[in-house]
Participant: 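Once you've had a glance at the structure underneath, I'll fire off some questions.
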Amino acid sequence: MMRAVLVLVLCAVAVDAQMRLTSPAFPIYGDIPEQYGCDRTFRDDYRPSPPLEWTRVPVAAKSFVLVMEDVDNDGAIQWLVSNIPHNVTSLPHEASEFNMPPGSVELMNSRGVDSFSGPCPPFNSTHSYRFRLFAMPTAHTHIELGDRETTRANDIVEQIQENAVVVAVYAAQFHLGPYT
């Protein structure tokens, strides 16, 4: 009886120790609000980046790398940020371009811009999006970017995951057009 209780306690501690990524703007696996994605006109108008928050940061983390990808578009990169300082635990609404933490670097995404590109699936469809936050053991992480049209999230992840202390994942979806 005593052994079973001890095992349960140890498992709970291990689970609780994992870094967590959330957004106050939408629930995990929920719908990303319209304000963060493209509209029915498919204009490339500015869209604010959503707020993100993370907790349970490991002591070994010296910086963070954020990757947002369109899972249903072959991992197209929507947002790529490196060198987020270790003492930062959130990005506010509209952080991209205007309110990034000092030292952070927004890198070119699949649309060829070095800022947030909101979700934009084909009209009348829903795509899944994944945010991955990597806790890195160094203050600066160098990321090799290839051609914007061929570099995908998996290419970036392969470069950094080997050295990452831990990764937190947050997933959601975006629907463009009328729901049927």
Side-chain angles (χ1 to χ4, degrees), residues 19-23 25-26 28-39 42-54 61 63-85 88 90-101 103-123 125-136 138 140-176:
M19 185 170 69
R20 292 191 181 178
L21 178 63
T22 61
S23 177
F26 49 91
I28 190 165
Y29 305 119
D31 292 326
I32 298 172
E34 287 182 12
Q35 68 177 335
Y36 301 114
C38 69
D39 59 21
F42 293 100
R43 296 178 301 188
D44 276 336
D45 290 349
Y46 168 79
R47 293 290 182 239
S49 55
L52 297 171
E53 301 171 347
W54 50 97
S63 68
F64 301 98
V65 174
L66 174 67
V67 179
M68 178 193 172
E69 65 184 291
D70 182 339
V71 176
D72 297 314
N73 186 15
D74 194 28
I77 300 168
Q78 303 296 121
W79 196 17
L80 178 57
V81 185
S82 68
N83 304 334
I84 301 170
V88 172
S90 66
L91 294 176
H93 166 85
E94 206 168 36
S96 181
E97 295 187 74
F98 304 111
N99 199 14
M100 292 301 294
S104 301
V105 179
E106 292 186 281
L107 300 168
M108 188 183 313
N109 63 27
S110 295
R111 292 193 188 160
V113 295
D114 55 355
S115 62
F116 173 79
S117 290
C120 196
F123 185 71
S125 68
T126 302
H127 275 201
S128 297
Y129 294 86
R130 180 170 46 209
F131 296 82
R132 290 193 260 190
L133 184 73
F134 295 86
M136 303 303 293
T138 59
H140 300 285
T141 301
H142 179 74
I143 298 173
E144 289 289 330
L145 295 176
D147 181 277
R148 74 177 175 89
E149 294 178 7
T150 59
T151 300
R152 293 294 184 237
N154 284 341
D155 301 325
I156 304 301
V157 169
E158 284 177 18
Q159 290 181 47
I160 59 178
Q161 71 181 356
E162 188 174 301
N163 296 317
V165 175
V166 70
V167 61
V169 180
Y170 198 73
Q173 63 183 10
F174 186 82
H175 181 83
L176 182 63

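The figures here come from the full heavy-atom set of this structure, side chains too, leaving out hydrogens, waters and symmetry mates. This structure is a prediction, so every number in the text was calculated from the model and none was measured.
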Participant: Which atom pair, heavy atoms only, marks the closest approach of Phe174 to Gly37?
Facilitator: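 Minimum heavy-atom contact is CZ-CA, 3.6 Å.
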
Participant: Are Arg132 and Val65 side-chain neighbours, meaning at least one heavy-atom pair lies under 4.5 Å?
Facilitator: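 No - every pair of side-chain heavy atoms lies 4.5 Å or more apart.
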
Participant: Tell me, please, which residues at least two apart from His140 pass ring-ring contact (aromatic ring centres under 6.0 Å, His included).
Facilitator: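 ring-ring contact (aromatic ring centres under 6.0 Å, His included) check on His140 returns nothing, list empty.
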
Participant: Can you give the donor-acceptor pairs under 3.5 Å from side chains of residues 159-169 to other protein atoms, not counting sequence neighbours?
Facilitator:
| unit_1 | atom_1 | unit_2 | atom_2 | d |
| --- | --- | --- | --- | --- |
| Gln159 | OE1 | Glu144 | N | 2.8 |
| Gln159 | NE2 | Glu144 | O | 2.7 |

Participant: With side-chain contact (heavy atoms from CB on, under 4.5 Å) as the test, would you mind laying out the steps for Met68 and Ser49 before giving the verdict?
Facilitator: CA-CA 11 Å; Met68 178 193 172; Ser49 55; over 6 Å; no

Participant: Is there side-chain contact between Ile143 and Val105, with at least one heavy-atom pair below 4.5 Å?
Facilitator: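 No, their side chains stay 4.5 Å or more apart.
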
Participant: Report the residues that fulfil ring-ring contact (aromatic ring centres under 6.0 Å, His included) with Tyr36, sequence neighbours left out, ordered by chain and then residue number.
Facilitator: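 Checked Tyr36 against ring-ring contact (aromatic ring centres under 6.0 Å, His included); matches are His93.
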
Participant: Please tell me if the side chains of Phe131 and Ser23 come closer than 4.5 Å, counting only heavy atoms from C-beta onward.
Facilitator: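 Side-chain contact under 4.5 Å: no.
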
Participant: When rounded to the nearest 0.5 angstrom, what distance separates CG in Leu66 from OG in Ser104?
Facilitator: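 Nearest 0.5 Å value for the CG-OG distance: 10.0 Å.
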
Participant: Kindly give the heavy-atom pair with the smallest separation between Phe64 and Ala135, and that separation in Å.
Facilitator: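 Closest approach of Phe64 to Ala135, heavy atoms only: CD2-CA, 3.8 Å.
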
Participant: Please list, chain by chain and in numerical order, all residues satisfying salt bridge (charged side-chain N to carboxylate O under 4.0 Å, His left out) with Asp74, sequence neighbours excluded.
Facilitator: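 Result, salt bridge (charged side-chain N to carboxylate O under 4.0 Å, His left out) vs Asp74: Arg152.
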
Participant: For Asp70, what residues pass the side chain to side chain contact (heavy atoms under 4.5 Å, CB included) criterion, not counting sequence neighbours?
Facilitator: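 Listed in chain order: Asp72, Asn73, Ala76, Gln78, His127, Tyr129.
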
Participant: Is there a side-chain contact between Cys120 and Arg47, using heavy atoms and a 4.5 Å cut-off?
Facilitator: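 Heavy-atom side-chain distance check fails, nothing below 4.5 Å.
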
Participant: Pro119 and Ile32: which non-hydrogen atoms are nearest, and at how many Å?
Facilitator: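 Heavy atoms of Pro119 and Ile32 come nearest at CG-CD1, 4.0 Å.
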
Participant: What's the shortest heavy-atom distance between Ser110 and Ile77, and which atoms?
Facilitator: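 In this case the closest contact between Ser110 and Ile77 is OG-N, 2.7 Å.
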
Participant: Closest heavy-atom contact between Leu21 and Tyr170?
Facilitator: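 Looking at all heavy atoms of both residues, the closest pair is O-CD1, 2.9 Å.
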
Participant: Without swapping roles, check the side chain of Arg130 against the backbone of Gly75 for a donor-acceptor pair under 3.5 Å.
Facilitator: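 Not a single qualifying donor-acceptor pair exists.
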
Participant: Mind running side-chain contact (heavy atoms from CB on, under 4.5 Å) on Asp114 and Leu107 for me, showing each step along the way?
Facilitator: CA-CA 5 Å; Asp114 55 355; Leu107 300 168; 5.8 Å; no

Participant: Hey, what do you get for CD (Glu69) to CG (Asn109), rounding to the nearest 0.5 Å?
Facilitator: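 The CG atom of Asn109 is 13.0 Å from CD of Glu69, to the nearest 0.5 Å.
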
Participant: Would you check if Pro50 and Phe116 make a side-chain contact, meaning some heavy-atom pair closer than 4.5 Å?
Facilitator: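 Pro50 vs Phe116: side chains touch.
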
Participant: Testing the basics here: between Val88 and Trp54, what is the closest heavy-atom pair and its distance to 0.1 Å?
Facilitator: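 The pair with the smallest heavy-atom distance is O-NE1, 2.9 Å.
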
Participant: How would you list, by chain and number, every residue that makes a side chain to side chain contact (heavy atoms under 4.5 Å, CB included) with Ser115, sequence neighbours excluded?
Facilitator: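 Applying side chain to side chain contact (heavy atoms under 4.5 Å, CB included) to Ser115 gives Ser96, Glu97, Glu106, Val113.
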
Participant: Kindly compute the distance separating CZ (Phe123) from SG (Cys38), expressed to the nearest 0.5 Å.
Facilitator: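 Atom-to-atom, Phe123:CZ and Cys38:SG are 10.5 Å apart.
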
Participant: Determine whether Trp79 and Leu52 make a side-chain contact, defined as any pair of heavy atoms from C-beta on separated by less than 4.5 Å.
Facilitator: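 A side-chain contact exists here, since the closest heavy-atom pair is under 4.5 Å.
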
